[in-house]
Amino acid sequence: MHMNSATIRQKFLEFFESKGHKIVPSAPLVLKNDPSLLFTNSGMVQFKDNFLGNAVPKSKRVADTQKCLRVSGKHNDLEDVGLDTYHHTMFEMLGNWSFGDYFKKEAIAWAWELLTEVYQLPKDRLYVTVFGGDKGDNLPVDEEAKDLWRAVVAEDRILHGSKKDNFWEMGESGPCGPCSEIHIDLRPAEEVAKKPGRELVNSDHPQVVEIWNLVFIQFNRLASGALEPLPDKHVDTGMGFERLCMAIQGKTSNYDTDVFRPMMDFIAMHGNVKYGDNIKTDIAIRVMADHIRAVSFAISDGQLPSNTGAGYVIRRILRRAVRYGFSYLNFKEPFMHRLVPLLAIQLKDVFPELHQQQEYVEKVVHEEEISFLRTLEKGLKRIENFDKVISGEQAFELYDTFGFPFDLTSLIARERGWSVDEKGFNEEMAKQKSRSKADASKETGDWVTVAEGDKPEFIGYDELTSTSRILRHRKVKQKNKELFQLVLDKTPFYAESGGQVGDTGVLEIAGEKIQVVDTKKENDLIVHWVEKLPAQIEAPVTALVNVPKRKLSMSNHSATHLLHAALRQVLGKHVEQKGSLVNDKILRFDFSHFAAMTNEELSRVETIVNEKIRENIQLDEKRHVPIEKAKALGAMALFGEKYGEFVRVITFDPSFSVELCGGTHVKATGQIGLLKIVSESSVAAGVRRIEAVTADGAFEYLNGFYNQLEQIKSQLKNPKDVVASVQTLAEEKQALEKKLEIIYQQQANQIKDVLAAKVVKSNGHSLIIERVTVPTADGLKNIAYALRNQFDDLILVLAADIEGKPQVAVMLGEKVEAAKKFHAGNMVKELAKEIDGGGGGQPFFATAGGKKLEGLGNVIVKATELVK
RNA sequence: GGGGGAUUAGCUCAGCUGGCUAGAGCGCUUCCAUGGCAUGGAAGAGGUCAUCGGUUCGAAUCCGAUAUUCUCCA
């Protein structure tokens with residue numbers, strides 16, 4: 001049966017919609033507020049809070065296709081992608097969920113119905129697995145699932161799986177449970193006849209593969225390792241979209257489906273090769289076709305390539321693709337960015353965020369390619385200095401310090417018949433890793449429940465104090481520093497999010513004051529970071545936010561909205577927020593724009609914002625607005641931001657600034673007082689950064705300048721025009737320096753002439769041995785060089801008094817130097833003894849300094865003897 | 001967050017273990033040659049060697065701190 005990939009995806013969503021599921025959009029690829037994960041790596045990530053009980057699900061039945069990214073983990077490593085025919089960095093995961101609603105029965109029946117009836121996959125090629133039990137966890141075989149399968153599948157197609165394959169866990173701790181997988185055998189009939197597919201399930205055969213995993217979440221794993229049953233049971237399923245397409249379209253590789261093939265043909269055409277002709281070029285084509293997806297979607301979700309964290313992963317993925325193109329397809333110029341439009345069109349209807357930002361993504365990719373190609377070029381130059389045997393340290397330095405990939409080093413070495421010490425390289429790498437690990441070690445303890453409570457409530461939009469209770473706490477150990485995390489039933493503390501920093505403040509518990517050093521979100525949980533636990537953990541807590549700090553943050557945050565709107569007015573609608581930081585000192589706003597802003601543009605933006613401040617526009621805050629309605633109001637939603645069903649809308653003048661935002665804001669813009677832009681700079685290709693200060697910060701900033709100017713003015717005796725005055729001063733200084741230089745030169749010349757007149761001809765040499773007084777060592781040098789230019793048979797010894805310090809200089813003429821009878825360096829060393837000093841230099845010119853000024857006379861005497 | 005590197009003329013860079021009065025190519029200015037030019041020739045301007053401190057007779061070079069930037073690891 002033939003179906004294209006778009007149809008396959010659509011049928012999945014339609015199927016579950018018909019079974020009462022709500023179809024939701026994919027969450028962004030890049031995660032915020034989750035310390036345990038950098039990227040969405042499976043469909044369930046966006047529902048984590050539902051499983052953890054921290055959030056109420058939007059609907060009890062949900063289905064979607066989710067963008068996922070995997071670059072490391074037990075089954076996945078970036079370096080494997082492209083080598084085989086089934087690993088990917090970015091992939092789509094189709095999934096259906098039940099939150100305390102249906103369980104194994106429906107999940108199993110529907111999965112089977114979809115695969116065999118809608119997709120018409122052959123039943124005689126399908127196998128299912130069920131959890132076979134585990135002694136360590138004291139769990140039996142999942143008989144419930146097995147019975148349900150028996151209703152549709154022959155007994156001999158139902159297999160038992162180990163804990164590794166059939167018991168799913170979110171992480172070290174948290175919700176988990178047994179799972180049931182559906183596998184398909186895609187081998188040709190003659191091979192199936194030789195060996196039954198059931199023997200190849202879960203044995204890494206590229207054509208006997210898992211296509212769907214149905215997870216039945218029924219336990220919670222504690223940090224101690226023990227399991228406790230969950231009150232609500234959930235279903236979490238995930239089906240790899242690309243693999244499903246392969247199965248339905250009857251291909252033997254994910255890359256042969258219409259998900260990848262058009263892209264690969266495009267790459268092959270421009271690389272002047274044919275896919276399938278050569279294993280090396282095939283790998284390169286797959287790598288590029290795969291990686292551009294991960295990179296493009298990460299960027300469209302707001303993650304720029306960078307040198308830390310998630311951004312670094314994106315950089316690595318892009319660089320790997322460039323590397324393969326460079327080495328095997330001879331792409332010496334940026335090429336990857338040209339794939340972006342193809343991808344944008346292909347997935348326009350599924351993930352519109354890329355299509356909407358196509359130009360921006362292209363630009364970022366292009367710039368990143370250029371910079372990496374430059375890195376490669378520098379590395380290639382460096383390799384030219386190596387020879388035959390490249391040591392592990394050399395290869396590692398090239399990689400670690402200069403970013404030159406190891407496989408390129410060994411490739412080049414192979415081409416030239418050189419050798420590379422790979423073992424040595426790996427050893428250096430291991431050292432680097434252990435250094436970093438030692439630094440990053442962190443231990444997180446189990447949550448200790450103090451009191452039961454619903455989802456903690458944030459009341460900080462309206463209140464800055466509250467009377468609360470501690471719900472739970474835990475210990476976190478990081479770099480020998482012990483901190484505690486507290487969760488309150490309700491809190492006025494704002495948790496870091498949307499760029500605004502977390503609140504600090506004090507918790508008062510039974511007379512004890514506990515400092516809150518930071519407040520952060522962990523998924524939807526508001527976590528207060530404190531340095532110690534209160535003695536009376538169950539007593540009521542008075543929570544007091546640090547008000548002055550918070551107010552400044554509010555001022556900066558509201559100003560950010562005004563700035564955003566003003567930028568769109570001045571520069572155009574292509575301006576989109578790409579990041580922001582708001583604290584009590586400064587606001588930083590990153591946005592997409594392709595050129596540096598002119599001073600005129602900056603001042604227009606500043607003027608608009610300050611006008612809006614003076615208009616003292618009242619804050620219009622709407623909570624719980626349905627997202628569709630908010631968008632209809634013209635609210636700016638950000639790419640890469642995860643929004644719930646209901647959102648908060650912040651408006652300052654409906655015709656000026658309407659934004660979806662969870663941050664805290666001033667009651668009216670007048671409270672901002674003043675906004676002053678401090679700097680405008682570039683962060684990446686197509687992204688500019690503005691830093692600004694407001695309120696007290698702006699006043700201090702401008703006052704600082706004012707005071708500085710006052711000081712300068714008074715230093716200059718209060719001229720009418722300070723700027724002109726400074727300019728004149730600088731010009732005069734330069735002119736004076738020139739004059740002084742000329743005078744020094746003249747002085748030196750005079751001394752030189754005097755000395756030249758005292759030349760004594762002796763043994764065919766022009767001898768000058770004199771005591772002089774000069775202002776600087778440089779002057780002494782100049783005189784010596786001038787005399788060398790005058791006499792090619794010169795032997796010069798000068799004993800100088802330079803501002804009370806003895807100095808000796810010896811200079812030889814060209815001929816004397818060539819004769820090699822005298823050596824200035826040796827001579828000066830001998831003479832330096834007389835002034836308690838040391839020195840040296842080149843064969844024809846050397847200097848020495850010392851401490852004993854009275855010794856200068858002896859220097860003359862000794863020098864006279866030396867040249868005899 | 002931790003490690004390594006870089007910062008020299010407007011631009012791209014050289015300057016080895018401290019010591020040729022800090023260089024090259026491109027660009028710039030002036031002049032000469034040709035009908036024209038990414039033309040050829042000649043002369044010239046342009047540098048607090050990132051900043052601050054230290055070691056030394058002497059620091060672009062060695063050491064420390066700061067700033068900026070590249071890069072690897074987490």
Side-chain angles (χ1 to χ4, degrees), chain A residues 35-36 38 71-72 305-313 315-316 319 368 370-372 374-379 381-382 385 393-406 425-426 428-442 478-481 679 681-684 730 733-734 737-738 741 744-745 748 776-789 798-800 802 805-812 814 817 823-853 855 859:
Chain A
S36 64
L38 288 176
V71 286
S72 58
S306 75
N307 56 2
T308 51
Y312 182 56
V313 175
R315 173 166 284 173
R316 263 168 53 204
R319 291 189 167 192
E368 185 67 20
I370 290 175
S371 104
F372 184 54
R374 206 160 35 215
T375 301
L376 287 184
E377 208 176 293
K378 290 198 174 173
K381 222 163 146 186
R382 207 157 261 278
N385 297 327
E393 286 85 5
Q394 277 176 322
F396 185 73
E397 190 199 20
L398 210 53
Y399 171 71
D400 178 64
T401 304
F402 301 101
F404 196 78
F406 178 75
F425 175 87
N426 288 331
E428 292 294 319
M429 186 69 146
K431 276 190 226 164
Q432 156 99 313
K433 286 192 179 176
S434 66
R435 257 199 309 271
S436 290
K437 276 219 177 93
D439 181 67
S441 71
K442 179 179 157 185
Q478 210 166 356
K479 278 197 199 169
N480 300 324
K481 218 181 145 188
S679 72
S681 57
S682 160
V683 222
K733 177 181 168 277
Q734 205 177 12
E737 270 173 358
K738 277 259 155 77
E741 200 182 313
Y744 275 150
Q745 196 61 48
T776 64
D778 216 37
L780 189 67
K781 199 179 188 178
N782 283 333
I783 294 165
Y785 271 96
L787 286 165
R788 172 179 158 93
N789 288 338
L798 293 177
I802 298 171
K805 280 191 168 177
Q807 177 109 19
V808 177
V810 176
M811 176 66 92
L812 304 179
E814 256 176 78
E817 182 196 354
H823 188 285
N826 295 340
M827 286 168 74
V828 94
K829 267 179 201 146
E830 196 56 38
L831 298 172
K833 289 176 187 166
E834 299 301 327
I835 51 169
D836 280 358
Q842 305 106 289
F844 74 95
F845 178 65
T847 56
K851 293 184 277 249
K852 210 165 83 181
L853 195 62
V859 169

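Below, read A as the first sequence line, B as the second, and so on, with proteins coming before strands; counting in each chain starts at 1.
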May I ask you to evaluate whether A:R319 reaches the phosphate of B:U71, defined as a side-chain N or O under 4.0 Å from OP1 or OP2? yes
Closest-nucleotide ordering on RNA chain B, the 5'-leading residue of A:T401 and A:N789: A:T401
Whole angstrom value for the distance that separates C1' of B:U71 from NZ of A:K433: 16 Å
If pairing means Watson-Crick or G-U wobble with both distances under 3.5 Å, then the partner of B:A14 is none
Just how far, in rounded Å, is C1' of B:C70 from CG of A:L376? 14 Å
Rounded to whole angstroms, how far apart are CD on A:E377 and P on B:U12? 13 Å
Write down the distance separating the P atoms in B:U66 and B:G5, rounded off to the nearest Å. 16 Å
Send over the distance from A:E393 CD to B:C72 P, rounded to a whole Å. 20 Å
Nearest to side-chain heavy atoms of A:Q842, which nucleotide of B:G19, B:C57, B:U71: B:G19
Please report, rounded to the nearest Å, how far the P atom of B:G2 is from the CD atom of A:E428. 21 Å
Whole angstroms only, please: what is the CG-P distance between A:N307 and B:U69? 10 Å
Heavy-atom pair with the smallest gap, counting every atom of A:P806 and A:I835: CB-CG2, 3.9 Å
Go nucleotide by nucleotide along RNA chain B from the 5' end; which of A:K378 and A:Y399 gets its closest nucleotide reached first? A:K378
Partner of B:A65 under the Watson-Crick or G-U wobble criteria, both distances under 3.5 Å, comes out as B:U51
To the nearest angstrom, the CZ-P distance between A:F372 and B:C70 comes to 15 Å
Considering only atom P, compute the distance from B:U61 to B:A74 and round it to an integer number of Å. 35 Å
Over all strands shown, is A:G309 touching base, sugar-phosphate only, or nothing at heavy-atom distances under 4.0 angstrom? base
For B:G53 versus B:G47, give the span between their P atoms, rounded off to a whole number of Å. 22 Å
Would A:R382 and A:F404 count as a cation-pi pair here, with the cationic atom under 6.0 angstrom from the ring centre and within 45° of the axis? no
Students often get this wrong, so: under 4.0 angstrom with heavy atoms, is A:F844 touching a base, only sugar-phosphate, or nothing? sugar-phosphate
Under 4.0 Å, heavy atoms only, any strand: does A:G850 hit a base, just the sugar-phosphate, or nothing? nothing
What nucleic acid atoms does A:G837 come within less than 4.0 Å of, heavy atoms only: base, sugar-phosphate, or nothing? nothing
Please report the distance separating the P of B:C11 from the corresponding atom of B:A43, rounded so that it comes out in whole Å. 26 Å
Looking only at heavy atoms, which two atoms of A:E834 and A:V859 are closest? And how far apart? CB-CG2, 3.8 Å
Say you pick atom P in B:A60 and the same atom in B:C49; how far apart are they, in whole Å? 7 Å
Separation of B:U71 atom C1' from A:Q394 atom CD, nearest Å, is 18 Å
What nucleotide among B:G19, B:A74, B:U71 has an atom nearest to a side-chain atom of A:K437? B:A74
When all nucleic acid strands are considered with a 4.0 Å heavy-atom cut-off, which category describes A:R374: base, sugar-phosphate, or nothing? nothing
Classify the side chain of A:D400 versus the base of B:G3 as yes if they form a donor-acceptor pair under 3.5 Å and no if they do not. yes
Any strand, both distances under 3.5 Å, Watson-Crick or G-U wobble: B:G27 pairs with none
P gap between B:G1 and B:G18, integer Å: 36 Å
Could you check whether A:R316 gets within reach of a base, just the sugar-phosphate, or nothing at all, counting any heavy atom under 4.0 Å? sugar-phosphate
Please report the closest heavy-atom contact between A:Y399 and A:F406, naming both atoms and the distance. CD1-N, 4.1 Å
Once you apply the 3.5 Å cut-off to both distances, tell me the Watson-Crick or G-U wobble partner of B:A60, or none. none
Re B:C37: Watson-Crick or G-U wobble partner, both distances kept under 3.5 Å, found to be none
Would you kindly check whether a donor in the side chain of A:T308 faces an acceptor in the base of B:G1, or vice versa, at under 3.5 angstrom? no
Counting just side-chain N and O atoms, does A:Q432 come under 4.0 Å of either OP1 or OP2 of B:C72? no
Evaluation steps, side chain to side chain contact (heavy atoms under 4.5 Å, CB included), between A:M811 and A:K781: CA-CA 9 Å; A:M811 176 66 92; A:K781 199 179 188 178; over 6 Å; no
Reckon A:G839 touches a base, only the sugar-phosphate, or nothing at all at heavy-atom distances under 4.0 Å? base
Between B:G46 and B:A9, how far is it from one P atom to the other, in whole Å? 14 Å
Indicate the atoms forming the closest heavy-atom contact of A:A824 with A:F845, along with that distance. CB-N, 3.6 Å
State whether the side chain of A:S434 and the backbone N or O of A:K431 hold a donor-acceptor pair below 3.5 Å, judged by distance alone. yes
Using the P atom on both, measure B:A33 against B:C26 and round to a whole Å. 23 Å
Nucleotide opposite B:A74 in a Watson-Crick or G-U pair, distances under 3.5 Å: none
How close do A:V810 and A:V828 get, heavy atom to heavy atom, and via which atoms? CG2-CG2, 3.9 Å
Name the nucleic acid region contacted by A:R315, choosing base, sugar-phosphate or nothing; use a 4.0 angstrom heavy-atom cut-off, strictly under. sugar-phosphate
Any strand: nucleotide that pairs with B:C20 via Watson-Crick or wobble, under 3.5 Å: none
